[in-house]
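Report on the structure given below.
Just the heavy atoms: all of them, side chains too, but no hydrogens, waters or symmetry mates, feed the values below. Keep in mind it's a predicted model, so treat the numbers as computed, not measured.
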Amino acid sequence: VQLQACGGGLVQAGGSLRLSCAASGRAAVTHAVGWFRQAPGKGREFVAAITWRSGSRHYADYAKGRFSISRDNTKSEAYLEMNSLKPDDTGVYYCVTGSFNNDFDYRRDYSNAGRYDYWGQGTQVTVSS
């Protein structure tokens, strides 16, 4: 297993959850790590991403101000702190890592799911109203 995500669960609206992702093997030797999510009946959408080396962070508009992504290079782990959760945040959250050519390439394409080579198994987040 190259990407192992955990931390999902059931939470009431307004609550918080912290997702963790442990990268190993080739998945850990990448340029950036991030999160995508998929709600029931919908396609996968970008949540947030961060580069391993520089820590450059990017968020989807709906995540700004509520979610925070971070990483621990010493452990090859990434985290997604989610606050003020809403029922619309319900879905399966996937940890991903990708090998961008450089920071410029990453800034241009960080929200493109096709640029991420490794995907974790997903962790379910359910927010009740």
Side-chain angles (χ1 to χ4, degrees):
V1 177
Q2 302 209 51
L3 285 177
Q4 184 71 44
C6 62
L10 173 63
V11 64
Q12 288 188 329
S16 300
L17 282 174
R18 185 174 187 255
L19 306 184
S20 299
C21 174
S24 61
R26 298 180 70 177
V29 188
T30 51
H31 190 85
V33 56
W35 297 87
F36 281 74
R37 72 182 188 183
Q38 186 167 19
K42 296 185 178 181
R44 292 184 180 181
E45 62 177 352
F46 172 75
V47 179
I50 186 171
T51 55
W52 287 110
R53 177 177 292 183
S54 67
S56 176
R57 296 174 173 84
H58 289 83
Y59 298 93
D61 286 344
Y62 63 80
K64 292 177 181 177
R66 299 191 299 128
F67 295 2
S68 178
I69 189 170
S70 60
R71 89 281 189 234
D72 185 335
N73 289 355
T74 65
K75 299 179 180 179
S76 295
E77 292 183 357
Y79 314 98
L80 184 68
E81 187 77 35
M82 303 186 293
N83 300 309
S84 302
L85 283 163
K86 306 173 182 179
D88 284 350
D89 294 318
T90 293
V92 178
Y93 284 68
Y94 297 91
C95 176
V96 297
T97 62
S99 298
F100 296 84
N101 295 319
N102 47 49
D103 277 1
F104 175 79
D105 185 29
Y106 160 78
R107 287 194 297 271
R108 181 183 62 182
D109 226 7
Y110 59 83
S111 64
N112 182 350
R115 295 301 305 272
Y116 292 89
D117 307 300
Y118 299 94
W119 291 69
Q121 83 284 7
T123 184
Q124 177 70 45
V125 171
T126 303
V127 184
S128 62
S129 58

So that I can tick it off, tell me whether Asp117 and Arg26 are bridged by a salt bridge, with the cut-off set at under 4.0 angstrom between side-chain N and carboxylate O. no
If you look at every heavy atom in Met82 and Leu85, which pair is closest and at what distance? CB-CD2, 3.8 Å
Checking ring pair (Phe, Tyr, Trp, His ring centres under 6.0 Å) against Phe36, which of Tyr116, Tyr118, Tyr93, Tyr94 comes through? Tyr116
Do Val125 and Leu19 touch side chain to side chain, with heavy atoms closer than 4.5 Å? yes
Minimum heavy-atom separation for Gly8 and Thr123, please, with both atom names. N-OG1, 3.1 Å
For Ile50 versus Arg71, what's the shortest heavy-atom pair and its separation? CD1-CD, 3.5 Å
Ring centers of His58, Tyr106 separated by less than 6.0 Å: yes
Using atom types as modelled and distance alone, determine if a side-chain donor or acceptor of Arg66 lies under 3.5 Å from a backbone N or O of Ser84. yes
To the nearest 0.5 angstrom, please state how far the CZ atom of Phe67 sits from the CG atom of Asn83. 8.5 Å
Minimum heavy-atom separation for Arg37 to Asp88, with atom names? NH2-O, 3.9 Å
Using side-chain hydrogen bond (donor to acceptor under 3.5 Å, both in side chains), reason through Asp103 and His31 one step at a time and then give a plain yes or no. CA-CA 8 Å; Asp103 277 1; His31 190 85; 2.8 Å; yes
Are Lys86 and Asp89 close enough for a salt bridge, meaning some N to O gap below 4.0 Å? no
Would you please say whether a donor-acceptor pair under 3.5 Å links the side chains of Tyr79 and Glu77? yes
Are Tyr110 and Phe46 close enough that their ring centers fall under 6.0 Å? yes
